[in-house]
Amino acid sequence: MVILVSIYHHPEFYPPTLNAILNLATIADRVIVLTRNQMKDDFPYPSNVTIVRTGKLVDVKTSEQKPILWKLRSFSQFLWATQKIINRQKPTWVINYDNISLFATHLVRKVSSYRFKWWYHNHDVTEINKQAKYSIGWMATRNEQKSFKHLNIFSLPAEERKIHFPLLKKDCQFFFLPNYPSTIFFKQFYKPRSVEQEIKLIFQGAISTKHGLEEIIKYVLPKIISGKKFRLVLKGRISSAYQSILTSMASEAGVRDKLDFYPVTPYKEVPKLASTCHIGIGIHMGKDVMNSTLGTSSNKIYEYAGLGLPVLLFDNPHFRKHLEQYSWAVFTDCSKVSLHQCLEKIVMNYPVLSGNAVNDFDKELNFEHYFNTALNFIKSTKWFKATS
């Protein structure tokens, strides 16, 4: 059985896609991963996984600044590669991980006589009014639900988002697949943890406002809490303007030496840095569709837990609903008093909270716990049996 995994943005920007590839490789003869050439990588894929990159190497930031004709050419290259793989390799399943790759697959399906089984996993709910009119993203968003009448499987990382996809056909199998890290990859980075004289708080991902970072610089870094000093580690993409704002804030508070920036790296490097820290920051204060439904779809929260890091979370009903039952999930409103109380709780109970976090990851908060249901569905169908 051949499976085509198609994603317009590099899979290392979407760790759950990497997790899916690792698990799909266990049931398929070949997994072909089609993506654009956006970063150099040497992720340890299984031997039966082939990576196909389209276009010359251009990083995400540079590609976003390119003119519209360049972007159209880039999409055309991706579309051509989609058609070539489907027509020549005849995959049993095509799995799309964003709506632009879905758009390309939909266009190919309209002109191809070959019929594959089709799975769409939606990482991000896109709102058309936030897309530049007539851009590739705008066209893909308009097309998205037109593809639903042909899908065999549809999946989401947050069940609350299902209401935004009303056109699913009745016989389309739906799976809830939270963005939890994979035991296949993450277990190698865990080590028993304890608090030290200086405690490292880490935020990883797109570094921007509404993650409590300004409040931590202002209220936490200058203080000694429960006898401990604190350092803030920021890893990920950040605009030069926002980095200047945070740097200036830290300088004014006299804690510039306690603020560290780390760039985007291949995904295999991410847990290496996080495993040297003590507390994860999973604060999301935004109120849009994406940020208000991140209880099961913010992979960083569960990556922290998988490494034994207690996690600071924003105190709202959504996060409470999904995470309040876990002792290592500590809720803050980002006020000075709240942050201090949360950090005191974590420091005073660190060995227990850290151990509970990794135990919960092992037990249920891992990718395989949910993805195996989808794999078993594929293996139980005639399409799998016919190609096995």
Side-chain angles (χ1 to χ4, degrees), residues 181 186 189-205 207 210-236 246 249-250 253-262 270-285 295 298 300-316 319-320 322-363 365:
F186 252 72
F189 298 100
Y190 170 70
K191 58 185 178 183
R193 337 188 50 76
S194 61
V195 291
E196 301 172 19
Q197 192 58 40
E198 182 180 68
I199 294 177
K200 294 181 180 179
L201 297 154
I202 182 170
F203 179 87
Q204 58 190 35
I207 304 167
K210 298 185 179 182
H211 294 301
L213 307 179
E214 299 95 325
E215 291 83 355
I216 288 171
I217 291 172
K218 183 177 179 180
Y219 300 138
V220 175
L221 298 191
K223 304 295 182 180
I224 294 178
I225 301 173
S226 295
K228 305 296 182 182
K229 297 179 181 179
F230 290 82
R231 175 176 293 275
L232 179 57
V233 176
L234 302 177
K235 176 174 174 53
L246 296 183
M249 286 185 65
V255 292
R256 178 62 188 88
D257 61 328
K258 296 183 178 182
L259 178 62
D260 301 324
F261 294 96
Y262 290 83
V270 172
K272 288 183 181 180
L273 177 62
S275 67
T276 68
C277 299
H278 305 89
I279 300 171
I281 301 171
I283 296 170
H284 295 274
M285 294 186 280
S298 176
K300 68 171 67 67
I301 293 173
Y302 302 95
E303 289 174 1
Y304 297 145
L307 296 171
L309 276 64
V311 184
L312 284 175
L313 297 164
F314 186 55
D315 195 351
N316 69 18
F319 285 101
R320 286 275 183 182
H322 289 287
L323 290 150
E324 190 171 30
Q325 68 268 38
Y326 302 112
S327 64
W328 48 268
V330 183
F331 297 88
T332 178
D333 62 11
C334 288
S335 67
K336 180 178 180 179
V337 171
S338 175
L339 283 169
H340 284 203
Q341 289 176 343
C342 289
L343 293 173
E344 286 173 358
K345 174 184 176 180
I346 292 173
V347 171
M348 297 302 293
N349 301 280
Y350 194 86
V352 172
L353 300 183
S354 177
N356 288 346
V358 76
N359 288 338
D360 288 334
F361 167 71
D362 289 340
K363 182 180 179 182
L365 301 179

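Excluded from the calculations below are hydrogen atoms, water molecules and symmetry mates; all remaining heavy atoms, backbone and side chain alike, are included. Note that this is a predicted model, so its numbers are computed, not measured.
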remark   = Taken in chain and number order and not counting sequence neighbours, the residues that satisfy side chain to side chain donor-acceptor pair (under 3.5 Å) with N349 are none

F314 and T332: CA distance, side-chain angles, deciding distance, side chain to side chain contact (heavy atoms under 4.5 Å, CB included) verdict = CA-CA 5 Å; F314 186 55; T332 178; 5.7 Å; no

CD1 on I281 to CG on L201, rounded to 0.5 Å = 5.0 Å

key: Worked verdict on L365 versus Y326 for side chain to side chain contact (heavy atoms under 4.5 Å, CB included)   = CA-CA 11 Å; L365 301 179; Y326 302 112; 3.5 Å; yes

note = Residues C277 and V233: closest non-hydrogen pair is SG-CG2, 4.2 Å

ask   = Looking at side-chain heavy atoms only, is the closest gap between I202 and I279 below 4.5 Å?
value = no

ask   = Is the side chain of K258 donor-acceptor paired with the backbone N or O of L221 at a distance under 3.5 Å, no angle test?
value = yes

Side chain to side chain contact (heavy atoms under 4.5 Å, CB included) partners for E344, two or more places apart = I225, S226

request  = Could you walk me through whether L234 and Y262 pass side chain to side chain contact (heavy atoms under 4.5 Å, CB included), step by step?
outcome  = CA-CA 6 Å; L234 302 177; Y262 290 83; over 6 Å; no

ask   = Less than 4.5 Å apart, any side-chain heavy atom of L313 and any of V330?
value = no

message = Between P181 and F361, is there a side-chain heavy-atom distance shorter than 4.5 Å?
response = yes

message = Rounded to the nearest 0.5 Å, what separates atom CZ in F203 from atom CG in L312?
response = 12.0 Å

note = Looking only at heavy atoms, the pair that brings C334 and G212 closest together is SG-CA, 4.0 Å

task = Locate the shortest heavy-atom distance separating I283 from H211; write the atom from each residue and the value.
result = O-ND1, 2.8 Å

side-chain hydrogen bond (donor to acceptor under 3.5 Å, both in side chains) assessment of N356 paired with S327 = CA-CA 7 Å; N356 288 346; S327 64; 2.8 Å; yes

inquiry  = For the CG atom of L339 and the CD1 atom of I216, what is their distance to the nearest 0.5 Å?
reply    = 6.0 Å

ask   = Which heavy atom of A250 sits nearest a heavy atom of L259, and at what distance?
value = CB-CD2, 3.9 Å

task = Without swapping roles, check the side chain of T276 against the backbone of L273 for a donor-acceptor pair under 3.5 Å.
result = yes

request  = Identify the heavy atoms of S338 and F331 that sit nearest to each other, and give their distance.
outcome  = OG-O, 4.3 Å

message = Can you tell me how the ring of H284 sits relative to the ring of F319, calling it parallel under 30°, perpendicular over 60° and tilted otherwise?
response = parallel

ask   = Can you tell me if R320 uses its side chain to pair, donor with acceptor, with the backbone of L323 under 3.5 Å?
value = no

query = Got a second to check how far Q204's CD is from Y304's OH, nearest 0.5 Å?
reply = 4.5 Å

task = Would you list the pairs meeting salt bridge (Lys or Arg N to Asp or Glu O under 4.0 Å) in which at least one residue belongs to residues 189-205, sequence neighbours left out?
result = E198-R231

inquiry  = Are H340 and K345 packed together at the side-chain level, in the sense that at least one heavy-atom pair is separated by less than 4.5 angstrom?
reply    = no

ask   = Given the rule in the side chain to side chain contact (heavy atoms under 4.5 Å, CB included) test, do L232 and I217 qualify, once you have shown the distances and angles that lead to the verdict?
value = CA-CA 8 Å; L232 179 57; I217 291 172; 3.8 Å; yes

inquiry  = Main chain of L309, side chain of S354: is a donor-acceptor contact present, judged purely on distance under 3.5 Å?
reply    = no

task = Side-chain contact test, heavy atoms from C-beta onward, threshold under 4.5 Å: evaluate it for P271 versus F186 and give yes or no.
result = yes

From H278 atom NE2 to Y350 atom OH, the distance as rounded to the nearest 0.5 Å = 6.0 Å

message = So I207 and L213, do their side chains get closer than 4.5 Å, heavy atoms only?
response = yes

query = For atom NZ of K218, is the number of surrounding heavy atoms from other residues, nucleotides or ligands below 6.0 Å larger than 12?
reply = no

key: Pairwise distance CE(M285) to CD(E215) - rounded to 0.5 angstrom   = 4.5 Å

